[in-house]
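Scroll down for the structure; my scribbles are underneath it.
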Number of protein chains: 2
Amino acid sequence: MADLTGKKPHHHGDLRAALIQSGIEILTESGLDALTLRRCAARAGVSHAAPAHHFDGLAGLRGAIAKEGFDRFRQQMLRARAVGGQDPKGRILSLCRGYLEFAVENPGLFTLIFSCGPMSQFEEDMNAGSATAYGVLRETCAPFVPKDTDPMVIETQVWSLIHGFSHLFLAGTFGPGHGPPDHHRLFAPVMALLQEIGTDPAPK
Amino acid sequence: MADLTGKKPHHHGDLRAALIQSGIEILTESGLDALTLRRCAARAGVSHAAPAHHFDGLAGLRGAIAKEGFDRFRQQMLRARAVGGQDPKGRILSLCRGYLEFAVENPGLFTLIFSCGPMSQFEEDMNAGSATAYGVLRETCAPFVPKDTDPMVIETQVWSLIHGFSHLFLAGTFGPGHGPPDHHRLFAPVMALLQEIGTDPAPK
DNA sequence: TCCTCCAACTTTACGCTGTAAACTTTACAT
DNA sequence: ATGTAAAGTTTACAGCGTAAAGTTGGAGGA
């Protein structure tokens with residue numbers, strides 16, 4: 001008979017979810033290097049070998065945490081775009097702002113997400129609709145795509161630009177001169193490019 | 001008296017350089033996770049504790065390898081820009097091509113370089129001249145900087161774009177649909193944006 | 001020439017890590 | 001009640017970074 005309660009059959013309520021949550025907390029508090037199987041298990045209150053029954057080793061746990069992190073990332077993108085209003089330029093700028101904010105506020109999780117392989121493993125069907133991360137990006141960029149242009153080119157441009165900026169900023173590559181996150185300096189280059197792109201928006 | 005021969009006083013010829021070279025080889029052959037102190041020492045033919053006399057732990061060795069890798073990266077940028085000829089658009093495109101190629105051909109080293117903090121630690125004076133990586137980028141972008149515009153905005157745009165594209169491609173985020181490195185598909189988005197930027201070049 | 005010193009390297013040791021195997025406990029179906 | 005499989009524990013092992021103690025060999029002063 002099916003388990004109508006949703007509870008796991010033994011001991012712990014939902015160890016799998018607890019381990020993922022513990023991992024995210026460790027990631028937030030102590031960074032990527034501190035994310036170990038044994039620490040996650042200890043924080044969840046189980047023995048160090050317990051995670052083996054729920055994940056395929058450390059790589060499996062990292063992947064599950066990345067998937068959960070990506071889901072939070074996707075939801076933040078949706079919220080960010082919403083506050084951007086109806087103006088296409090406002091929406092895309094708000095989206096980029098949300099992207100960078102997530103990276104700055106969750107550096108360990110952000111790094112983990114983008115070191116775990118293709119985004120497609122987090123989203124079953126990238127063409128499903130506006131609920132997917134790629135769907136959010138695609139629809140937000142749509143007003144800026146001229147006729148006779150592959151939309152993917154524009155999407156890849158915007159994605160590469162904001163991701164590269166976020167990554168370089170996060171890694172500290174720009175140097176201490178650029179930090180800490182001063183939003184005015186932070187978004188100036190992004191805004192400038194978006195104005196370039198938005199110079200000739202093709203409605204519909 | 002000073003050592004005129006340049007040789008180290010004891011046993012090994014130049015263990016420090018040998019350890020860095022071993023590290024780069026391990027990085028190339030087996031990836032970032034395989035880069036350990038003990039493996040570097042073993043490949044260099046010394047005991048596992050020997051590196052402690054030349055580097056400040058694993059972090060120190062990684063930093064030294066990153067610095068050496070960044071130097072090779074910088075030289076490849078210089079060569080790439082040279083083959084781009086005199087046309088500003090050709091030069092900047094060639095530079096981006098070299099950037100991406102280095103990332104694809106040296107994924108472990110590329111990842112290591114951009115996870116070791118500010119670029120300024122690799123270059124004493126970023127404003128020194130065209131020999132520095134930032135100098136190469138700045139001078140190559142110069143023809144595209146309109147009057148009344150902070151050059152850094154354009155430089156940051158180009159850098160973020162090509163770095164974001166390289167990083168996302170390298171991490172496999174785009175998915176298997178984008179790989180393996182097919183240069184035509186690979187550079188299409190970059191070229192498209194560079195044409196946007198280059199639409200209104202301001203000579204000198 | 002001999003002596004001393006010290007940097008370079010080795011050896012040993014410790015705690016932490018991921019992983020595998022054996023063992024124990026619990027819930028469920030028969 | 002009984003068998004079975006899942007869930008968690010215990011034990012064990014090799015590899016890791018790091019620290020401390022021990023060893024070696026060459027350089028420089030007497």
Side-chain angles (χ1 to χ4, degrees), chain A residues 1-27 29-66 108 111-112 115-116, chain B residues 1-27 29-66 108 111-112 115-116:
Chain A
M1 182 182 181
D3 186 354
L4 299 179
T5 68
K7 279 189 178 180
K8 285 288 157 57
H10 189 40
H11 280 172
H12 203 285
D14 189 353
L15 182 55
R16 185 188 156 87
L19 286 169
I20 292 176
Q21 180 57 29
S22 299
I24 292 180
E25 290 171 9
I26 291 171
L27 216 46
E29 295 170 8
S30 312
L32 197 53
D33 292 339
L35 182 65
T36 68
L37 269 175
R38 290 168 111 104
R39 260 198 271 258
C40 284
R43 181 180 276 252
V46 294
S47 77
H48 70 269
H53 293 272
H54 297 275
F55 306 99
D56 185 15
L58 177 61
L61 176 59
R62 286 167 56 104
I65 292 173
T111 303
L112 180 62
S115 62
C116 278
Chain B
M1 182 181 180
D3 186 353
L4 300 178
T5 67
K7 280 190 179 180
K8 285 287 157 60
H10 190 38
H11 281 172
H12 202 286
D14 188 354
L15 182 53
R16 185 188 155 88
L19 286 168
I20 293 175
Q21 180 57 30
S22 299
I24 291 180
E25 291 171 8
I26 291 172
L27 216 45
E29 295 171 7
S30 312
L32 196 53
D33 291 341
L35 182 65
T36 68
L37 270 176
R38 291 169 111 103
R39 260 197 272 258
C40 285
R43 182 180 274 252
V46 294
S47 76
H48 70 270
H53 294 271
H54 299 275
F55 306 100
D56 184 15
L58 177 61
L61 176 60
R62 285 167 55 104
I65 293 174
T111 304
L112 180 63
S115 62
C116 278

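Chain naming here is simple, since letters A, B, ... match the order of the sequence lines and numbering starts at 1 in each. On a predicted model such as this, the values are computed, not experimentally measured, just so you know.
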Practice problem: Can you tell me the distance, in whole Å, between the CG atom of Asp14(B) and the P atom of dA7(C)? | Solution: 18 Å
Quiz prompt | Nearest-0.5 Å distance, CG of residue Leu19(B) to NE2 of residue His53(B) | solution = 11.5 Å
Exercise. Please determine which of Leu58(A), Ile26(A), Leu27(A), Val46(A) meets the side chain to side chain contact (heavy atoms under 4.5 Å, CB included) test together with Cys40(A).
Key: Ile26(A)
Quiz item: Under 4.0 Å between a Lys/Arg side-chain N and an Asp/Glu carboxylate O for Glu29(A) and Arg39(A)?
Solution: no
Quiz prompt | Phe55(A) CZ - dT19(C) C1' separation (whole Å) | solution = 16 Å
Practice problem: Measure the CG-CZ distance between Leu37(B) and Phe55(B) for me, rounded to the nearest 0.5 Å. | Solution: 9.0 Å
Quiz item: Taking for each residue the nucleotide of DNA chain C with the nearest heavy atom, is it His48(B) or Ala59(A) whose nucleotide lies nearer the 5' end?
Solution: His48(B)
Quiz item: Which atom pair, heavy atoms only, marks the closest approach of Ala64(B) to Arg16(B)?
Solution: CB-NH2, 4.1 Å
Quiz prompt | Nearest listed nucleotide, side chain of Ser47(A), among dG8(D), dA21(C), dC9(C) | solution = dG8(D)
Quiz prompt | Nearest-0.5 Å distance that lies between atom CG in Leu35(B) and atom OG1 in Thr111(B) | solution = 12.0 Å
Exercise. Grab the NE2-P distance between His54(B) and dT18(D) for me, whole Å please.
Key: 16 Å
Self-check item: Positions of residues 35-43 of chain A (non-hydrogen atom under 4.0 Å from DNA chain D), listed by number
Solution: none
Exercise. Please report, rounded to the nearest Å, how far the P atom of dG15(D) is from the CG atom of Leu58(A).
Key: 18 Å
Quiz item: Roughly, in whole Å, what's the span from NE2 in His53(A) to P in dC23(C)?
Solution: 15 Å
